[in-house]
J.: 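The structure is given below, and queries will be raised subsequently.
A, B, ... follow the sequence lines: proteins, then strands. Residue 1 opens every chain.
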There are 2 protein chains.
Amino acid sequence: MPRAAKFDEEQILAAAGRLIAAHGPSGATIAAIARAVGAPTGSIYHRFDSRDVLLASVWLRAAATFQDSFFEQLAGPTPREAGLAAALYMAQRVRENPREARLLLLHRREDFVDRGWPPAMRRRAEQLGRQVETELRAFSRRLCGSEHARTVRIVAYAVLEAPFAAVRRHIAVNESPPSYVDVLIQVTYEAVIGLLGI
Amino acid sequence: MPRAAKFDEEQILAAAGRLIAAHGPSGATIAAIARAVGAPTGSIYHRFDSRDVLLASVWLRAAATFQDSFFEQLAGPTPREAGLAAALYMAQRVRENPREARLLLLHRREDFVDRGWPPAMRRRAEQLGRQVETELRAFSRRLCGSEHARTVRIVAYAVLEAPFAAVRRHIAVNESPPSYVDVLIQVTYEAVIGLLGI
DNA sequence: GAGTAAATAGAATATGTGTTCTAAATGACC
DNA sequence: GGTCATTTAGAACACATATTCTATTTACTC
């Protein structure tokens, strides 16, 4: 009975994602999103309750996708190799999906939403945050038998924060990370994991 | 002859800096700044031509101050030690001046200004950017005799980006970086500089 | 082809925020 | 005390942007 849909959620989320990658969250105005999709502003509201919900959805989808792949690497059979694979995967993922990288790595979660996250989505975001902590703790235990907070932070530096530091500038200037960043990531990983005395 | 000033530039810049450190650039609205200083909005415009000029001033002042101190470390007598001193200085500076750290490290330059930087201040910002490149190149030459782009990027990772990665999370949750981040910074520095074969 | 539910369309509205404008207050100097 | 430049004061204005509202269109069913 209904009229055929001309703009679906997927299209709108994708357009918003492109705008955010190009101009940051503040560039993803309802008007800009509507223009990018070729729809009037009202049609955006037919799919999403508010701009906050829309942008939160964009962030959540990207974060969940990235995290799933990343932690899949980290769960590989031999911990020490899995950690290195995950660290290197960060650079690889940035090369393969620069738009997602700009979206996730150039802005913080709280930059996405103006008035505070809608409750349901905030819960989902907290859940994703907990996943990070949980997976890092599990990896830390597998790697060196400790879940001490300091140990987990050190491990997080080796697999997440240092790799991010190595690619950050390239993301910012919108170019693919050159191959020597892999060397930086690996050298940092080996040196830092060496600290844990395995 | 004139009436005594009740609000000076310094006060206003400081208030804006506090607001940005606490809530990000978008939290530093003219109304919020005026409230923080105890002035009506008109008085802000008596000192600054526009909000863009005001926020740009805040960023420029903080960036110049930080860079001067950082590159002073980097210019120390023996390059290899100077590089380590500079890398560690990043963490120390964050401990001593967390507000400045949040201001500079949690947001990018372009997040500060809405409509584009006023020309004069953009030139100043570009000048600061060039200072970074120039000083890093000079340091790279002193350290290993090369100014090759790749070498400079590796050096930048060792003295700037990795140290930043080590403190980032602590800045974000507003706590002082614990002492083990110094270890992470040092270990990364040694390992990465070792790559250059000195 | 009439009925109808869903979707598009875009004008109208609301609101937050940067900016301007005019009046009043202040303090130094004659 | 009058004069004057500067500053405070805050209301008024402009503008961008999110949101709402009321048609209108569309495609499917009977």
J.: Does a nitrogen or oxygen in the side chain of B:K6 sit under 4.0 Å from OP1 or OP2 of C:dA25?
T.: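 No.
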
J.: Please figure out whether B:A5 or A:A4 has its closest DNA chain D nucleotide nearer the 5' end.
T.: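 Going by which nucleotide is closer to the 5' end, it is B:A5.
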
J.: The side chain of B:R3 lies closest to which of these nucleotides: C:dA9, D:dA9, D:dT6?
T.: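 Of all the options, the side chain of B:R3 is nearest to D:dT6.
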
J.: Does A:R51 make a side-chain N or O approach to OP1 or OP2 of D:dT20 shorter than 4.0 Å?
T.: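 No, no such contact exists.
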
J.: For B:H46 and C:dT26, what is the distance between atoms NE2 and C1' respectively, to the nearest whole Å?
T.: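 Spelled out: NE2 on B:H46 to C1' on C:dT26 is 13 Å.
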
J.: Can you confirm whether the side chains of A:Q127 and A:R130 place a donor and an acceptor under 3.5 Å from each other?
T.: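 Distance-only check fails for A:Q127 and A:R130.
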
J.: What is the distance, rounded to the nearest whole Å, between atom CG of A:D114 and atom C1' of D:dA16?
T.: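 The answer, rounded to whole Å, is 13 Å.
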
J.: Using a heavy-atom cut-off of 4.0 Å across all strands, would you classify A:S50 as base, sugar-phosphate, or nothing?
T.: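 A:S50: backbone/sugar contact only, no base atoms under 4.0 Å.
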
J.: Output the rounded distance in Å from CD1 (A:I44) to C1' (D:dT20).
T.: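 These atoms are roughly 15 Å apart.
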
J.: Output the rounded distance in Å from CZ (A:R35) to P (D:dT17).
T.: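 In whole Å, D:dT17 P lies 9 Å from A:R35 CZ.
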
J.: Check this for me: does any side-chain nitrogen of one of B:R93 and B:E72 sit under 4.0 Å from a carboxylate oxygen of the other?
T.: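 Not counted as a salt bridge, because no side-chain N and carboxylate O are separated by less than 4.0 Å.
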
J.: Is it true that A:E9 and A:R47 have a side-chain N and a carboxylate O under 4.0 angstrom from each other?
T.: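 No, no charged N to carboxylate O under 4.0 Å.
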
J.: Can you measure A:R115 atom CZ to D:dA18 atom P for me and round it to whole angstrom units?
T.: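 Atom CZ in A:R115 sits about 10 Å away from atom P in D:dA18.
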
J.: Taking CG from A:D8 and P from C:dT8, how many angstroms apart are they, rounded to a whole number?
T.: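 Nearest whole value for this atom pair: 9 Å.
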
J.: Please report the distance, rounded to the nearest Å, between CG in A:L55 and P in D:dA18.
T.: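 One finds 9 Å between P of D:dA18 and CG of A:L55, rounded.
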
J.: Find the distance A:I33:CD1 to D:dT17:P and express it as a whole number of Å.
T.: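 Checked: the CD1 to P distance equals 12 Å.
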
J.: Of all the choices, C:dG18, D:dT20, C:dT8, which nucleotide is nearest to the side chain of A:F7 once you look at every atom?
T.: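 Of the options given, the side chain of A:F7 lies nearest C:dT8.
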
J.: Let me know, please, whether B:D52 or A:A39 comes out on the 5' side of the other along DNA chain C by nearest nucleotide.
T.: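 Nearest nucleotide further toward 5': that of A:A39.
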
J.: Name the orientation class of the two ring planes belonging to A:Y89 and A:F70 (parallel below 30°, tilted from 30 to 60°, perpendicular beyond 60°).
T.: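 Rings of A:Y89 and A:F70: tilted, as their planes differ by 30° to 60°.
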
J.: Checking contacts here: which listed nucleotide (C:dG18, C:dA7, D:dT19) is nearest the side-chain heavy atoms of A:Y45?
T.: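 So the side chain of A:Y45 is nearest to D:dT19.
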
J.: State whether B:E126 and B:R109 are salt-bridged, where the test is any N-O pair (Lys NZ or Arg NE/NH1/NH2 against Asp/Glu carboxylate O) under 4.0 Å.
T.: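 Result for this pair is no, no salt bridge flagged.
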
J.: If you assign A:R47 and B:T41 each to the DNA chain C nucleotide with the nearest heavy atom, which residue ends up on the more 5' nucleotide?
T.: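 The answer here is A:R47.
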
J.: Taking the side chain of A:S43 as heavy atoms from C-beta outward, which of C:dA9, D:dA27, D:dT8 is closest to it?
T.: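 When the side chain of A:S43 is considered, C:dA9 is the closest of C:dA9, D:dA27, D:dT8.
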
